Amino acid sequence: MAQIEHQGSLSSLMRIEILRGGLLTTVQDRGREGWRRYGVPRSGALDLEEAVRANFLVGNDPGDGVLEATIDGPTLGFPNGGLIAICGADAVCSVNGMNIPTRHPVALPPKCVLEIGRVRSGCRIYIAVAGGIDVPVLLGSRSTCLRAGFGGHEGRALRSGDVLPVGSLSSRSLGIVNHLTSDGGAMPCVGNWRAMRPGRASFIRFFRGEEYPLLDDEGRGILNDQKFVVDRASDRMGLRLRARPIHLVREVSIQSRAVLPGTIQLPPDGMPIILLADAGTTGGYPVIGYVMRNGLSDLGQIREGEEVRMKDEG
Amino acid sequence: MPGDYRITKQGDGAITIHLSDHRDADVARRIIDLLRRLDEAGIDRIADIVPALTSVTCVLRDDADPDDILPQVTRIAGGPARFLKDLDERRVEIPICFEPEFQTDLELIAREVGLSVEDVIALQLSADYRVAMIGFLPGFPYLEGLPEQLSRPRRPTPRDRVPSGSVAIAGEYCGIYPVESPGGWWIIGATPLVLFDPFSTSPAFLSIGDRCRFRRIRN
């Protein structure tokens, strides 16, 4: 009986209340493709792999909307309960004051409060809710384009008072809920399966870009050997790296061309920028490299003040 | 030389066809023609195609590799142009207001080029622009055709906030900010035109190749 009732309450109109927004929490999914010719960047979860893992744990489709939290997480209210999973950076999370593990599916009771704390390492946390964050799809995606103020929830970071709709649960999600609550025990119920976390690579591996041959010897040395510190100006548009300035052997004037997440630009000050998902779609700075695509998700966990090293893959 | 091209990979995520190192009217037409032919080919592993000033980039789907599409893209790049005579360029009029509250840099520019503000305005209104590219922000057009006297490097320090609708100049281009944004271009006026609407099925008002002229309005 309790199980069927619970199923009923989870299938009815579900929502999430934002009680505290955290430092920068936005709705993201896998981003929007096909609009770059109109200047629309892909956006989407910066640590795409962890966002997809969180969705998988709750029985969602990989592209369902999730919450991406940055460094200091939000406090969320679940008036009707919910099935959630938290992946990404390591942080202390609690439900009604009781600690819950990340990387596991957790069935929440009605009227509960989920508090996502501060990251202990890494940068971004992904909170998936069974049914997906059901904000409107714009240009093919639920992702937030912060620069142009559209998509996600009203095109902006979440703040106290916001309410987000949750979609209807898939049969997979309902199965997970049933399984978690089958013994009739008190909720929150934690599933005993856990998403593995692959280790983060120690280097940012990149392929050479069009202007790589123009690097002077010292610049090449700095790029490959130096530790770069991530500057405080880094955000969802790009990671700004600081070390000794890197120079080209000569000045070069470049006709603006398309750039992608992972593009490594060299602006006049000699401090490389690694573009991320919210970066502008075209650029005229010299390009010295492109981060390997299987390393892009790791970029989403690099925060200000961290040291990184680059590895030239040719 | 017509028909010349060079193909590069952007890491493992994209392939770019470079048509030239410099931009002129011929390159502009070839870019649009190439974009049309790539669109028409409908290559399934391509997630997006991005035209720029002298190149067109094919962005791969997450699960695809540049080598998957290289032969087909090479064939298309080397293939004959088909749309050069039929570019079907849309003509657009852009209302622009030069009233003092919008003229943030107009007086400075007028002073520096040794003209009156009205002369600078007349130059802007006389220009026959073309959308060379859309980038930097959703809906932000790079309009080529800026009168040479108005050409100037971007501001040494950008503004934290350029108001939405600002018409601005930098380098050899005129641009329009579709939303409020930090920006390093010199503001000369403002337009009420909505350049980008994400709720529309055609979200961007302007596309590459559109011909534009500005029409003065008073508030």
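Below, chain A is the first sequence line, B the second, and so on; all start at residue 1. From a predicted model like this one, the values you see are computed outputs, not experimental measurements.
- Atoms OH and OG1, from B:Y142 and A:T282 in turn, are 4.5 Å apart once rounded to the nearest 0.5 Å.
- Shown here is B:Y5, whose OH atom has more than 12 heavy atoms of other residues, nucleotides or ligands within 6.0 Å.
- Side-chain atoms of A:L260 and B:Q10, non-hydrogen and from C-beta on, do get closer than 4.5 Å to each other.
- Put simply, the side chain of A:R293 gets close to the backbone of B:D12: a donor and an acceptor are under 3.5 Å apart.
- Between A:R147 atom CZ and B:S181 atom OG the span is 6.0 Å, to the nearest 0.5 Å.
- Shown here is A:E211, whose CD atom has more than 12 heavy atoms of other residues, nucleotides or ligands within 6.0 Å.
- Heavy atoms of B:D62 lying under 4.5 Å from chain A belong to its backbone as well as its side chain.
- In this structure, B:F136 and A:T281 approach most closely via the heavy-atom pair N-OG1, 4.2 Å.
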**Request:** Under the side-chain hydrogen bond (donor to acceptor under 3.5 Å, both in side chains) rule, what do A:Q255 and B:S55 come out as? Steps first, then yes or no, please.
**Result:** CA-CA 9 Å; A:Q255 297 285 344; B:S55 60; over 6 Å; no
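- Contact count against chain A (heavy-atom pairs under 4.5 Å) is highest for B:P198 among B:A204, B:G135, B:P198.
- B:T54 is not listed as a side-chain neighbour of A:R257, based on a closest heavy-atom distance of 4.5 Å or more.
- Taken from NZ in B:K9 to OH in A:Y290, the straight-line distance is 13.0 Å, to the nearest 0.5 Å.
- Counting non-hydrogen atoms of other residues, nucleotides and ligands closer than 6.0 Å to CZ of B:R161 gives a total of 12 or fewer.
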**Prompt:** Would A:R37 and B:I49 count as a side chain to side chain contact (heavy atoms under 4.5 Å, CB included) if you check the C-alpha gap in whole Å, the side-chain angles of each, and the deciding distance to 0.1 Å?
**Reply:** CA-CA 7 Å; A:R37 73 185 67 186; B:I49 303 177; 3.8 Å; yes
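- The part of A:R42 that comes within reach of chain B is its side chain, from C-beta onward, which places non-hydrogen atoms under 4.5 angstrom from that chain.
- For the atom pair OG of A:S253 and NE2 of B:H22, the computed distance is 12.5 Å after rounding to the nearest 0.5 Å.
- Within a 6.0 Å radius of CG in B:D21, no more than 12 heavy atoms belonging to other residues, nucleotides or ligands are found.
- For B:T8, the part lying near chain A is the side chain, with the backbone staying farther off; criterion is any non-hydrogen pair under 4.5 Å.
- Aromatic rings from A:F150 and B:F199 are positioned such that their centres are separated by 6.0 Å or more.
- In this structure, the side chains of B:S207 and A:Y38 come closer than 4.5 Å at one or more pairs of heavy atoms.
- Contact annotation: the side chain of A:V40 never approaches that of B:P203 to less than 4.5 Å [non-hydrogen atoms, C-beta and beyond].
- Put simply, the side chain of A:E210 reaches to within 4.5 Å of the side chain of B:H18, judged on heavy atoms.
- In this structure, chain B has a heavy atom under 4.5 Å from the side chain of A:P41, while its backbone stays farther away.
- For A:L48, the part lying under 4.5 angstrom from a heavy atom of chain B is the side chain only.
- Across B:T201, B:L137, B:L206, B:L60, the residue that shares the most heavy-atom pairs under 4.5 angstrom with chain A is B:L137.
- Taking each heavy atom of B:T57 and A:A258 in turn, the nearest pair found is OG1-CB, 3.4 Å.
- Other residues, nucleotides and ligands place more than 12 heavy atoms under 6.0 Å from the CZ atom of A:R200.
- For a residue to count as touching a neighbouring chain, one of its non-hydrogen atoms must lie under 4.5 Å from one of that chain's; by this rule B:D39 touches chain A with the side chain only.
- Remark: the backbone N or O of A:R36 is paired with a side-chain donor or acceptor of B:D48 at under 3.5 angstrom.
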